[in-house]
Amino acid sequence: MDHGFLVRQIATGDKTAFQALYKDLEKPVFRFILSRLNDSFEAADILHDVFMEIWRSAGSFEGKAQVKTWVMGIAWRKTVDAHRRRGRISPTDDLPEEVDDSIDTEACIAAGQRAEHVRFCLEQLKPDHRTAVALAFYEDMTYGEIAAVQSVPEGTIKTRIFHAKKLLLRCLAGRLGEDPI
């Protein structure tokens with residue numbers, strides 16, 4: 001799908017093009033926002049704001065970056081604004097614990113524990129490092145695209161991801177009782 005074409009059409013008021021772009025980018029943008037806030041209701045609100053901003057500013061898109069990079073940049077800025085307005089949001093454990101008696105219970109528990117270790121270690125990273133890692137590994141963006149989203153040089157992103165990977169490895173090894181590699 002040619003996102004650049006869709007944005008040009010959106011700039012002319014084409015609602016069908018807007019719907020197509022929304023359908024194609026909704027899930028990755030929502031997932032990115034949710035990874036930064038850990039609040040699905042607030043993430044949905046910000047997702048709405050992101051796409052309203054796309055609708056309003058499609059005409060100003062210059063095509064210097066890929067559309068997905070431009071959209072993720074909008075999402076990142078709106079998420080940062082939310083953090084500034086409300087302060088840092090901490091995750092909560094309001095879900096009741098339920099026992100799953102299926103055959104794969106042990107594997108599910110182990111996977112959940114590993115995922116919890118990763119989430120914990122990601123939360124220990126500085127926000128800029130965490131965002132770079134999330135965009136690189138969860139959204140499969142290039143260093144150049146991440147640099148455009150965060151408005152920093154590509155070398156800065158490479159350094160952030162390098163240090164973040166080392167910190168994650170050290171944190172995970174400590175949580176799992178292993179020696180860091």
Side-chain angles (χ1 to χ4, degrees), residues 1-91 115 118-119 121-123 125-165 167-168:
M1 179 173 294
D2 183 0
H3 291 149
F5 173 76
L6 292 176
V7 171
R8 288 188 296 279
Q9 291 303 111
I10 292 167
T12 67
D14 185 338
K15 292 179 183 176
T16 304
F18 182 74
Q19 289 171 341
L21 186 70
Y22 183 90
K23 182 179 179 188
D24 200 43
L25 295 180
E26 171 194 15
K27 287 180 183 174
V29 173
F30 180 79
R31 193 171 48 244
F32 169 70
I33 296 167
L34 185 60
S35 75
R36 302 285 297 141
L37 296 176
N38 200 27
D39 180 334
S40 59
F41 295 109
E42 187 171 17
D45 288 344
I46 292 175
L47 178 71
H48 174 78
D49 291 346
V50 167
F51 278 94
M52 291 309 299
E53 180 70 24
I54 292 167
W55 178 257
R56 285 190 297 270
S57 64
S60 67
F61 177 69
E62 298 173 356
K64 292 180 181 176
Q66 291 184 13
V67 172
K68 185 175 181 182
T69 304
W70 177 64
V71 171
M72 289 297 195
I74 294 169
W76 183 70
R77 286 187 295 281
K78 293 206 175 282
T79 304
V80 168
D81 290 345
H83 277 288
R84 287 183 183 141
R85 280 192 310 272
R86 295 174 186 88
R88 184 175 171 89
I89 298 171
S90 60
V118 172
R119 271 193 299 277
C121 290
L122 280 170
E123 283 298 315
L125 296 176
K126 293 178 184 176
D128 290 338
H129 288 94
R130 190 170 46 250
T131 298
V133 167
L135 291 173
F137 296 104
Y138 295 119
E139 301 305 327
D140 201 28
M141 294 178 80
T142 66
Y143 291 151
E145 292 169 336
I146 298 166
V149 166
Q150 292 191 314
S151 302
V152 296
E154 187 174 332
T156 301
I157 296 302
K158 290 177 182 178
T159 302
R160 286 178 183 170
I161 290 177
F162 173 80
H163 289 296
K165 288 186 334 188
L167 292 169
L168 284 170

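Interatomic distance, CH2 of Trp76 versus OG1 of Thr131, reported as 6.5 Å (0.5 Å rounding). The distance from atom OG1 of Thr16 to atom CD of Gln9, rounded to the nearest 0.5 Å, is 9.5 Å. Note that OH of Tyr22 and NZ of Lys27 are 11.0 Å apart. Values are rounded to the nearest 0.5 Å. Here the NE2-OG1 distance, from His129 to Thr159, works out to 8.0 Å after rounding to the nearest 0.5 Å. Rounding to the nearest 0.5 Å gives a distance of 7.5 Å between CD of Gln66 and CE of Met141. The CD1 atom of Ile10 sits 12.5 Å away from atom NZ of Lys15, with the distance rounded to the nearest 0.5 Å.
Between Ile157 and Leu135, the closest side-chain pair of non-hydrogen atoms is not below 4.5 Å. A 4.5 Å side-chain heavy-atom check between Asp24 and Leu6 finds every atom pair outside the cut-off. In this structure, Trp70 and Ile74 have side chains that are in contact, with non-hydrogen atoms separated by less than 4.5 Å. Inter-residue side-chain proximity for Phe61 and Ile54 is flagged as unmet; no heavy-atom pair is nearer than 4.5 Å. Side-chain atoms of Val152 and Arg160, non-hydrogen and from C-beta on, do get closer than 4.5 Å to each other.
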Exercise for the section: In sequence, state the C-alpha distance, the side-chain angles, and the governing distance for Ile146 and Ile161, and then conclude on side chain to side chain contact (heavy atoms under 4.5 Å, CB included). Expected result: CA-CA 11 Å; Ile146 298 166; Ile161 290 177; 4.2 Å; yes
Problem - Verdict with reasoning, Thr69 to His3, per side chain to side chain contact (heavy atoms under 4.5 Å, CB included) - result: CA-CA 11 Å; Thr69 304; His3 291 149; over 6 Å; no
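Across all non-hydrogen atoms, the minimal contact from Lys68 to Leu25 is CG-CD2, 4.3 Å. Across all non-hydrogen atoms, the minimal contact from Asp14 to Trp55 is O-CZ3, 3.9 Å. Closest heavy-atom contact between Leu122 and Leu168: N-CD2, 3.7 Å. Across every non-hydrogen atom of Arg56 and Asp49, the tightest pair is NH2-O, 4.5 Å. Pairing each heavy atom of Pro28 with each of Met72, the nearest pair is O-CE, 3.7 Å. Nearest heavy atom pair, residue Arg36 against residue Thr79, reads CB-CG2, 3.4 Å.
In this structure a side-chain-to-backbone donor-acceptor pair under 3.5 Å is present from Ser35 to Phe32. Using a distance-only test at 3.5 Å, with no hydrogens or angles considered, a donor-acceptor pair links the side chain of Thr142 to the main chain of Glu145.
Around the CZ atom of Phe137, the shell of radius 6.0 Å holds more than 12 heavy atoms that belong to other residues, nucleotides or ligands.
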